[in-house]
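Taking it in order: structure first as structure tokens, then the write-up.
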Amino acid sequence: MTPAVVAMSIIVLIVFAGTLLGLRAGKGRHMNLEEWSIAGRSFGLLFMWLLMAGEIYTTFAFLGASGWAYSRGAPSLYIMAYITLGYVVSFYILPCIWEIGRRHGLQTQSDFFERRYGSRFLALLVSVVGVLFIIPYLQIQLTGLGIIVQVASFDHIPRNLSMLIAVCVVAMFVYFGGMRSVAWVSVLKDFLMIVAALSIGIFVPWHYFGGVSPLFHALANAHPEHLVMPGATKTMGHGWFISTVLLSACGFYMWPHTFGAAFTARSGEILRRNAIVTPLYTISLIFILITGFAAVLIVPGLPNGDMSLLVLARKSFPAWFLGVIGGAGALTAMVPAAIILLTASTLFAKNVFRPVFAAQMPEESVARLAKIMVLVLAATSFVLALHSSSTLVALLLLGYAGVTQFFPGVVLGLFWNRVTTAGVTAGLLAGLATASSLMLAHRDPFFGLNAGFVALVLNFVITMAVSFSTPRQRNPFPLAGEEQDVIAPRPARASDTAPASLSG
Amino acid sequence: MRRPSLTAVLIGLVPFVGMCFTVPWWDRISPMVCGLPFNLFWLLLWIVLSSICMAFANGIEETRKKERHNR
């Protein structure tokens with residue numbers, strides 16, 4: 001048997017075992033929308049924890065982080081900083097979101113905006129933008145799967161065919177399994193991932209250099225510029241680092257699927273205590289970064305940095321262990337891809353399609369539509385992945401530039417009574433317009449700052465300015481111990497539309 | 001719902017200062033600590049320190065909650 005066959009068989013075996021484990025878990029249950037999308041709200045603490053802890057182990061962390069350490073150098077350190085600080089931010093906002101969610105029966109991010117700002121339009125905008133910007137995140141997972149199959153098959157299976165296989169497996173898995181299946185596979189995936197990360201991160205430096213210290217001494221002698229910012233880039237200096245870390249830390253819980261996770265906890269205290277332990281997960285990423293740095297010396301000159309971890313693994317380990325690493329990587333891509341597909345398709349069917357086109361749509365039809373959306377979204381991201389040459393990290397940053405624009409609306413909505421619907425809508429639109437025009441015009445970084453961050457600052461300024469110039473609104477999520485010197489909602493009268501009401 | 005207390009928010013800013021705003025001061029290779037370049041070591045250290053900061057902030061929030069409860 002050739003090494004390619006050995007490695008590929010192990011990967012297929014692991015994916016097959018994972019899928020089977022997942023589908024068995026979902027078997028024999030009546031699949032309505034709630035069971036399919038949020039497992040009937042039945043997850044206990046341990047299960048939730050596994051889902052949330054596994055969140056940072058996406059293909060992005062596995063292949064993308066090592067890929068950037070390889071191709072860009074020190075700018076990749078931003079990943080360690082932003083994940084840690086994202087958890088710090090979560091300490092202050094998640095317990096509040098949870099409390100409001102329980103009190104008002106919220107399920108999605110869009111529900112939060114609709115209830116806080118009383119605007120169907122804003123809620124719709126949030127859903128559409130959420131679905132739109134989660135597509136690059138999905139694309140990351142598919143591209144990652146493609147890379148895994150390509151490297152593990154010793155380049156016998158081309159990238160495009162591997163991505164096609166990958167997208168079919170993921171879509172079928174979600175289509176038939178639903179959330180419960182995903183959670184079960186997540187357990188297997190986390191275990192395999194930790195084995196893979198530790199074995200590569202410890203074995204590789206030891207095998208080639210005799211330890212981590214000699215590795216970095218060798219790298220510091222050969223390419224000292226690679227280990228400090230801006231590394232191998234011209235534009236990713238300290239301004240870029242600070243702005244990108246701030247943007248990503250604020251956006252960490254603004255993704256539709258991460259925001260929604262706050263509603264599933266048992267209490268606000270648990271979320272707060274989580275934020276003490278969760279930063280420590282980030283430590284494991286250091287092994288992945290070390291692998292990327294080691295690859296600079298061992299396998300220089302790869303055309304695509306995202307392949308560096310796997311190429312290094314292929315060079316250092318026997319074929320069967322390459323298969324284990326590849327299988328772990330494949331599950332690591334499949335689980336987030338499945339969670340994203342589930343969240344995005346449910347969001348589209350429930351919060352976009354139903355309110356706009358068919359208000360009377362029964363729940364079963366929504367569930368059927370959501371399942372069709374799984375296939376549509378999977379196909380869309382497959383086509384995008386075929387035509388894109390972006391690195392995994394660049395894709396993630398694109399997504400963050402979009403979803404972080406929700407941050408002002410969420411934070412000011414929680415902690416500032418004076419914020420108004422007009423303010424948040426104007427800020428969100430301005431932020432999105434700025435982020436997308438800067439990126440489309442290839443002006444990212446913009447004067448050394450992350451374009452998404454520039455858009456976020458503008459978003460904040462406009463949200464506050466417009467809020468101050470529009471009349472006060474009643475806050476449906478009142479802050480304890482603060483008087484709301486407002487106008488209770490009055491029955492609508494013709495005089496309300498007169499300019500006189502601006503004096504409020 | 002209640003805003004987090006000012007002290008807790010200030011504690012939360014400490015990791016931002018350590019890991020983000022001060023980057024020009026710690027982004028260098030030497031001195032290497034534990035075999036890691038200084039910037040990598042510094043971030044690793046701050047991951048642990050951030051966790052400790054959050055433990056402090058949590059303590060403050062829980063005391064505040066208890067005081068409110070007793071009153």
Side-chain angles (χ1 to χ4, degrees), chain A residues 74 77-78 80-85 87-89 91-93 95-96 99-100 103 205 211-217 219-220 224 227-229 237-239 241-242 245-246 249 268-269 272-283 285-286 289-290 293 414-416 477-482, chain B residues 1-69 71:
Chain A
L77 296 184
Y78 104 87
M80 290 178 73
Y82 99 80
I83 295 183
T84 311
L85 295 176
Y87 289 127
V88 170
V89 172
F91 178 91
Y92 301 94
I93 60 172
C96 301
E99 194 179 324
I100 287 169
R103 197 168 295 172
V212 172
S213 181
L215 156 67
F216 280 113
H217 276 104
L219 191 56
L227 287 171
V228 289
M229 285 164 238
H238 294 152
F241 177 88
I242 293 174
V245 168
L246 288 177
E269 268 79 62
R272 207 175 281 134
R273 272 180 226 141
N274 253 0
I276 303 173
V277 194
T278 39
L280 299 175
Y281 294 144
T282 327
I283 292 175
L285 277 182
I286 206 156
L289 289 176
I290 289 176
F293 282 124
L414 288 173
F415 302 127
W416 195 41
F477 308 153
L479 289 154
E482 277 183 44
Chain B
M1 198 196 67
R2 231 160 248 283
R3 285 202 188 97
S5 68
L6 185 64
T7 333
V9 173
L10 289 178
I11 292 176
L13 285 179
V14 174
F16 275 88
V17 174
M19 295 185 101
C20 184
F21 299 118
T22 51
V23 57
W25 288 290
W26 51 258
D27 179 30
R28 47 207 174 98
I29 302 176
S30 57
M32 286 208 187
V33 188
C34 311
L36 299 172
F38 189 72
N39 47 12
L40 207 54
F41 161 77
W42 180 263
L43 285 175
L44 195 62
L45 176 73
W46 271 95
I47 290 173
V48 179
L49 292 179
S50 301
S51 172
I52 295 172
C53 286
M54 288 300 95
F56 270 118
N58 187 50
I60 290 172
E61 290 291 290
E62 292 200 336
T63 324
R64 200 169 68 128
K65 197 165 184 190
K66 236 174 261 158
E67 276 170 10
R68 208 162 49 227
H69 202 74
R71 217 179 304 143

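Below, read A as the first sequence line, B as the second, and so on, with proteins coming before strands; counting in each chain starts at 1.
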Atom [atom1] in [X], atom [atom2] in [Y]: separation rounded to 0.5 Å?
{"X": "A:Thr282", "Y": "B:Ile47", "atom1": "OG1", "atom2": "CD1", "answer": "5.0 Å"}
{"X": "B:Leu43", "Y": "A:Ile283", "atom1": "CG", "atom2": "CD1", "answer": "11.5 Å"}
{"X": "A:Leu77", "Y": "B:Trp42", "atom1": "CG", "atom2": "CH2", "answer": "14.0 Å"}

Can you tell which of B:Met32, B:Glu62, B:Arg28 has the highest number of heavy-atom pairs within less than 4.5 Å of chain A?
->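 The candidate making the most pairs under 4.5 Å is B:Met32.
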Of the listed residues (B:Cys53, B:Ser50, B:Cys34, B:Pro37), which shares the most heavy-atom pairs with chain A below a 4.5 Å separation?
->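 Most pairs with chain A among the choices: B:Pro37.
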Could you go through the side chain to side chain contact (heavy atoms under 4.5 Å, CB included) check for A:Phe216 and B:Leu40 one step at a time?
-> CA-CA 11 Å; A:Phe216 280 113; B:Leu40 207 54; 3.7 Å; yes
Are the side chain of A:Tyr87 and the backbone of B:Ser51 linked by a donor-acceptor contact shorter than 3.5 Å?
->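 Judged by distance alone, no pair lies under 3.5 Å.
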Within the distance-only criterion (no hydrogens, no angle test), does the side chain of B:Asn58 pair as donor or acceptor with the backbone N or O of A:Arg272 below 3.5 angstrom?
->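 A pair under 3.5 Å: no.
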Within 6.0 Å of CZ in B:Phe38, more than 12 heavy atoms from elsewhere =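 Correct, the count exceeds 12.
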In terms of heavy-atom pairs under 4.5 Å, which option from [options] contacts chain B the most?
{"options": "A:Arg273, A:Met80, A:His238, A:Met229", "value": "A:His238"}
{"options": "A:Leu289, A:Ile286, A:Leu215", "value": "A:Ile286"}
{"options": "A:Ala220, A:Cys96, A:Pro95", "value": "A:Cys96"}
{"options": "A:Ile290, A:Leu246, A:Ile100, A:Val245", "value": "A:Leu246"}

Distance-only check: which donor-acceptor pairs under 3.5 Å involve side-chain atoms of residues 16-25 of chain B, not counting sequence neighbours?
{"residue": "B:Thr22", "atom": "OG1", "partner": "B:Val17", "partner atom": "O", "Å": "2.7"}
{"residue": "B:Thr22", "atom": "OG1", "partner": "B:Gly18", "partner atom": "O", "Å": "3.2"}
{"residue": "B:Thr22", "atom": "OG1", "partner": "B:Trp26", "partner atom": "NE1", "Å": "3.0"}

Where do [X] and [Y] come nearest, in terms of heavy atoms and distance?
{"X": "B:Gly12", "Y": "A:Val88", "answer": "O-CG1, 3.6 Å"}
{"X": "B:Val48", "Y": "A:Leu280", "answer": "CA-CD2, 4.3 Å"}
{"X": "A:Trp416", "Y": "B:Arg3", "answer": "CA-NH2, 4.4 Å"}
{"X": "A:Tyr92", "Y": "B:Ala8", "answer": "OH-O, 2.5 Å"}

Evaluate the side-chain proximity of A:Pro224 to B:Ile29: yes if any heavy-atom separation is below 4.5 Å, no if none is.
->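 The answer is yes; the side chains approach within 4.5 Å.
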